[in-house]
There are 2 protein chains.
Amino acid sequence: MAKAPTVQDVARAAGVSRQTVSNVLNAPDIVREPTRERVQAAIVELGYRPHAAARRLRTRRSSTIGVRLDPYAGGISGVVLDRFVHALTERAGDRGMRVLLYAARTPGEEIDRIGDLVDGGEIDAVVLTGTSHEDTRTAWLQDRAVPFVAFGRPWRSGDGARPAHAWADVDGAAGTRAATRHLLGTAGSRIAFLGWPTGSGTGDDRARGWLEAMADAGAEGPRWHTEESLGLARELTAAALAEDPGVDGIVCVSDSLAIGAHLAATGLGRPELPVVGFDNTPAAEALGLSSVEQLPEQVAAGVLDLLMGPTGSAVVHRSPQDDPAYVLVEPRLVVRAPADPVG
Amino acid sequence: MAKAPTVQDVARAAGVSRQTVSNVLNAPDIVREPTRERVQAAIVELGYRPHAAARRLRTRRSSTIGVRLDPYAGGISGVVLDRFVHALTERAGDRGMRVLLYAARTPGEEIDRIGDLVDGGEIDAVVLTGTSHEDTRTAWLQDRAVPFVAFGRPWRSGDGARPAHAWADVDGAAGTRAATRHLLGTAGSRIAFLGWPTGSGTGDDRARGWLEAMADAGAEGPRWHTEESLGLARELTAAALAEDPGVDGIVCVSDSLAIGAHLAATGLGRPELPVVGFDNTPAAEALGLSSVEQLPEQVAAGVLDLLMGPTGSAVVHRSPQDDPAYVLVEPRLVVRAPADPVG
DNA sequence: GAACCGATTTTGAACGATCAAATTCTGTGC
DNA sequence: GCACAGAATTTGATCGTTCAAAATCGGTTC
């Protein structure tokens with residue numbers, strides 16, 4: 001296996017200088033047609049590939065984005081994060097960018113990691129996942145002027161001391177609003193909401209969609225809360241439905257809770273009670289439950305636009321006084337008829 | 001923000017030469033104690049971080065491993081792959097390695113991607129996921145002498161023309177064997193197996209564990225097959241159980257099928273019929289089903305050992321005539337009692 | 001005290017690309 | 001035919017690190 005060819009080799013083969021080869025690669029429009037063709041032929045013939053490290057060293061750009069792969073769902077469910085990272089990798093590749101993973105157990109550790117990677121010139125930007133109230137990471141990144149975009153809204157307590165940062169997220173309220181309207185139009189007016197305990201940004205956002213749709217329609221329905229647990233959801237729903245049999249449908253904050261609710265309804269002899277979940281997981285599909293599907297692919301596209309501009313091929317530094325840019329993706333309601341009941 | 005310090009700056013601050021600083025970083029043992037301390041102090045004081053690109057350029061090593069993140073489960077289920085990639089990132093980091101993602105829709109495209117990354121000096125090695133019969137990727141990697149390890153066995157058709165490659169995998173047969181023995185010991189002797197259609201390496205491997213355990217015990221039980229679908233599993237199991245009510249327990253090739261089987265049994269008024277799944281997904285946990293848990297963290301550790309040796313901090317090139325090294329991780333049976341029935 | 005050896009440290013060169021500035025073309029106007 | 005402007009191309013320097021070889025240091029030996 002011969003040594004890999006360099007710009008110099010290509011230049012020699014094409015009878016031009018190093019820099020012209022470089023220009024053909026990076027600014028083709030300033031090279032005259034015949035020259036460009038000769039160089040391109042030489043590139044193909046020699047099988048030349050630019051050496052990334054040399055380019056990085058000279059340009060001080062790594063064309064790489066860092067992402068932390070969550071070990072456990074931290075606000076963003078496993079499948080959603082998976083699809084997001086995959087889409088991000090794919091679209092980043094189309095724009096000449098790479099995605100580098102890093103691991104961290106705590107926000108502090110994550111900051112250390114990012115510091116290493118940024119100072120070492122390994123990444124140009126970061127995509128944060130699972131943002132929370134008073135996130136220490138965002139402040140640090142802003143102070144260090146590291147370009148970043150968060151997947152998830154800044155659930156800030158409205159102090160406004162810090163300038164907002166760029167983010168992309170799924171419009172949870174729009175999802176539950178659509179789900180609620182669907183049930184109002186097809187099942188009846190008494191639609192319940194089964195959510196997480198208040199306080200989580202994501203959960204409250206989804207609850208809001210139900211609230212608004214109910215208010216718009218002048219309808220009323222009970223609101224139940226429980227932890228993210230199929231078993232708990234089942235017990236809670238069974239009790240609540242027994243007490244309040246007039247419920248015509250249930251909008252749930254997640255598929256797990258929806259499955260719990262569905263099992264409870266089935267157990268009470270009401271397998272046809274419409275239940276809508278959130279995330280459109282394979283389990284919901286298998287049981288024939290309707291669900292709100294997030295579209296992480298679109299979030300990924302939004303993240304890249306925020307990071308690189310609508311068409312750019314390099315990370316853009318945005319100044320703090322820029323408008324807080326964001327992208328809010330509207331999810332899609334997947335309507336299904338429940339499979340034949342168990343009991 | 002001042003320019004980042006270089007080895008030169010550190011050298012000046014510590015009153016030594018560039019190379020000595022480099023030695024402190026890469027071969028501390030050849031530097032005299034007092035000198036080393038002085039240099040280390042200067043590193044800390046200046047907040048020096050080596051510039052990765054420069055190092056890569058000089059050493060021709062990127063200390064980076066490429067991994068393709070599957071969009072959909074291709075033989076390896078989503079959660080398992082997730083945990084695997086996460087563990088890989090974490091352990092690679094401990095060894096001074098990074099994990100770079102790449103996207104590809106087809107094996108051919110994947111080969112192109114890997115070619116770009118390897119020739120560009122962006123990655124030193126590749127971890128393949130979802131290997132299949134007659135995998136075109138492995139041959140290409142071997143020809144190009146790109147170090148790689150597969151997560152998943154080479155399900156080769158025994159031609160032996162190609163030297164085997166390194167791989168790490170979960171011992172599916174051991175998992176179903178344990179599950180079968182558990183049911184034989186606690187439920188009865190007529191244990192059924194619910195698997196995928198024969199022909200998939202993974203599925204056949206898991207079936208083998210059941211077969212062997214049954215043969216060892218001199219027991220007999222029916223063997224059913226269906227696609228990976230909860231709904232199909234439920235229908236099939238319902239029909240089969242109605243016809244063959246003597247079944248004492250069911251070992252399943254996946255959690256989805258196990259849940260289908262459990263729902264079928266519950267529907268027939270036998271909610272307590274022991275069913276064991278595979279993958280230990282949250283759904284199985286929620287329903288209180290026993291399941292075989294893969295340990296992708298151990299697979300990740302095995303992959304790194306195969307790639308870098310038991311303690312090394314750089315990728316080791318192995319020659320084709322080396323023994324085909326592999327790591328087979330024994331999964332763990334998680335025993336649960338089913339939650340109270342639905343019907 | 002000179003010669004010598006191994007351990008430690010320093011110096012010069014190189015990795016392969018792009019930037020910035022200098023140079024050479026090309027075509028136009030008079 | 002000559003000066004000139006803009007386009008196209010080339011040249012020299014540089015990014016920050018490590019390799020390879022040369023130089024220096026410290027301690028023994030005779």
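Lettering of chains follows the sequences in order, A, B, ..., and the numbering in each one begins at 1.
- Using a 4.0 Å cut-off, no side-chain N or O of B:Ser17 falls inside it from OP1 or OP2 of C:dT9.
- Counting to the nearest Å, the P atom of D:dG16 and the NZ atom of B:Lys3 are 5 Å from each other.
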Each nucleotide of nucleotides 21-28 of chain C classed B (base within 4.0 Å of a protein heavy atom), S (only sugar-phosphate) or -, in 5' to 3' order, makes --------
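- Atom CD of A:Glu122 is separated from atom P of D:dC15 by 20 Å (rounded to the nearest Å).
- For the side chain to side chain donor-acceptor pair (under 3.5 Å) test with B:Tyr102, the passing option among B:Arg113, B:Arg68, B:Glu110 is B:Glu110; the others fail.
- Whole-Å rounding puts the A:Gln8 CD to D:dA13 P distance at 16 Å.
- The interatomic distance linking B:Arg36 (CZ) with C:dT8 (P) rounds to 10 Å, in whole Å.
- Between the side chain of A:Arg55 and the base of C:dT18, no donor-acceptor pair of N or O atoms lies under 3.5 Å.
- One atom, NE2 of B:His51, and another, C1' of D:dT18, lie 15 Å apart when rounded to the nearest Å.
- Atom CG of B:Leu25 and atom C1' of D:dT17 are 10 Å apart (whole Å).
- With respect to the salt-bridge test (charged N to carboxylate O, under 4.0 angstrom), the residues B:Arg144 and B:Asp119 qualify.
- A:Val16 pairs with exactly one of A:Val21, A:Asn23, A:Val24 by the side chain to side chain contact (heavy atoms under 4.5 Å, CB included) rule, that one being A:Val21.
- With distances taken from any side-chain atom of A:Arg60 to the nucleotides D:dC15, D:dT9, C:dG16, the minimum falls on D:dC15.
- Taking the side chain of A:Arg58 as heavy atoms from C-beta on, and the options C:dA17, D:dT10, D:dT18, the nearest nucleotide is C:dA17.
- Using cut-offs of 30° and 60° for the angle between ring planes, the A:Tyr326 and A:Trp167 rings count as parallel.
- In this model, a donor atom of one side chain and an acceptor atom of the other lie less than 3.5 Å apart for B:Arg56 and B:Thr64.
- In terms of heavy atoms, A:Val303 sits closest to A:Ala168 at CG2-CB, 3.8 Å.
- Side-chain atoms of A:Arg18 come within donor-acceptor range of the base of C:dT18, with a qualifying N/O pair under 3.5 Å.
- Across B:Leu69 and A:Val85, no two heavy atoms sit closer than the pair CD2-CG1, 3.6 Å.
- Residue-level contact check: A:Thr59 touches the backbone only, with heavy atoms under 4.0 Å from sugar-phosphate atoms and none from bases.
- Side chain of A:Val16, nearest nucleotide from D:dG16, D:dT10, D:dT9: D:dT10.
- A:Ile30 places its CD1 atom 12 Å from the P atom of C:dT18, with the value rounded to the nearest Å.
- Looking at heavy-atom distances under 4.0 Å, B:Thr20 makes contact with a base.
- Residue B:Arg38 contributes atom CZ, which lies 11 Å from atom C1' of C:dT9 at whole-angstrom precision.
- The side chain of B:Thr35 contributes an N or O atom lying less than 4.0 Å from OP1 or OP2 of C:dT9.
- For C:dT18, neither phosphate oxygen OP1 nor OP2 lies less than 4.0 angstrom from any side-chain nitrogen or oxygen of A:Asn23.
- Contact detail for A:Ser62 and A:Gly121: the closest heavy-atom pair is CB-O, 3.3 Å.
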